[in-house]
Novice: 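Following this message is one structure expressed as structure tokens.
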Amino acid sequence: MALTLQSAQSIFSNTQVPSLIPATIALFDQLNVDDQLAYLWYAYTEMGKTITPAAPGAARLQLAETLLTQIKLMSSEDQTKVMRDLASRADTPISRSYGFFSVNTKLAFWYELGELMKKGLVTPIPAGYQMSPGVKVVLEATQKLDQGQQITVLRNTVVNMGFDTSELGPSSYPKAPAEPAFQRTTPIISSVKIDGITEPAVLGYIEAMNADNFDAAVALFTTDGALQPPFQKPIVGPEAIAKYMREEAQGLNMMPQQGICEVQPDGSKQLKITGVVQTPWFGVTVGMNIAWRFLINPQGKIFFVAIDMLASPQELLNLRRV
Ligand code: 45D
């Protein structure tokens, strides 16, 4: 029997994911633009009391430099307008340029804007802004999330800002600059041991990802294989997966802890592995509890892997099928 994406997506469907993340984002989406900017500023500064992102490297900031220089030279009214345009995804030259940035360049852009705000060179919140009750509701919802979940919400809002350049034809795409590498702060974890797991494709996957060796990781997939990131649709095919990994999976520390493997009558295997992932933005200070759900074909290739954020640390131990 051929493996299908649809059936693959439903393996270990009892995995509990934090519905609070989409719920918080949905509340955020309902705010007006000034409230959104104010919420983000408060959430970011509040979070900054305990954790701060690592400064992006020079190579990364260079990709955003033209925009940042332009913004620095503006009046504070125009600076506010730029931020409103980004938050409302308006079709303006700056909002378009931002829309073409990779995820990490978008984060670096905002990181630097935040630094400029601290120095008083960029205006943080629209002058005369009064907090609406809606902002308090979203801030309270955010406080209920753990740190890994909070940075996921922030990252998501940053990714969604700017003009949606996917609406433009492919011919209008500027050539994407090569992604600058993240400096790894912790030594590469080379020998992978996962309680209960001996599957070579899985161990090889983790090992390759921890070395940013995406070609090796992608070579473990079938030609119709798929990878499903948290809260996203599956990315199908080796080329698309490799592109995604280069943009979004660099510098991650993957520390799988335990798992189960179930062999199916057709010789395929379903595995669920739980553990902790660290992002290079926050290093060892933020651990995200996640699960990988693998479907390995009878030939030992990865047909499907889903990455799920877990609702709670207790979920790390949920390795039952139903
Ligand atoms: O003034 O196996 C605001 C995959 C506006 C790959 C701001 C994975 C207001 C396969 C924007 C707030 C990747 C799927 C300022 C595994 C304002 C795989 C600034 C999983 C100044 C395991 C805000 C990886 C800023 C995972 C600067 C789960 C915000 C990775 C910065 C998760 C926020 C990574 C940052 C996460 C957030 C990273 C840097 C959640 C980073 C989050």
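As the structure lists them, so they are numbered: ligands from 1, and atoms in each ligand from 1. Residue indices begin at 1 and follow the sequence shown.
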Novice: Does the separation of the ring centres of F109 and Y98 fall below 6.0 angstrom?
Specialist: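 Yes, the ring of F109 comes within the 6.0 Å limit of the ring of Y98, centre to centre.
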Novice: Just jot down the side-chain contact (heavy atoms from CB on, under 4.5 Å) partners of K193, sequence neighbours excluded, or say none.
Specialist: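 Applying side-chain contact (heavy atoms from CB on, under 4.5 Å) to K193 gives S191.
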Novice: Tell me the salt bridge (charged side-chain N to carboxylate O under 4.0 Å, His left out) pairs involving residues 48-72, sequence neighbours left out?
Specialist: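 Output for this query lists E46-K49, R60-E179.
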Novice: Residues in side chain to side chain donor-acceptor pair (under 3.5 Å) with D146, at least two apart?
Specialist: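 Side chain to side chain donor-acceptor pair (under 3.5 Å) check on D146 returns nothing, list empty.
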Novice: Quick check for you: to the nearest 0.5 Å, what is the distance between F182 atom CZ and W281 atom CH2?
Specialist: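 Reported to 0.5 Å precision, the distance equals 5.0 Å.
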Novice: So, for F294 and Y205, is the gap between ring centers shorter than 6.0 Å?
Specialist: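 Yes, they do, as the ring centres are separated by less than 6.0 Å.
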Novice: Give one line per pair: atom of ligand 1, protein atom, distance. Only N/O to N/O under 3.5 Å.
Specialist:
{"unit_1": "ligand 1", "atom_1": "2 (O)", "unit_2": "Y205", "atom_2": "OH", "d": "2.6"}
{"unit_1": "ligand 1", "atom_1": "2 (O)", "unit_2": "W292", "atom_2": "NE1", "d": "3.0"}

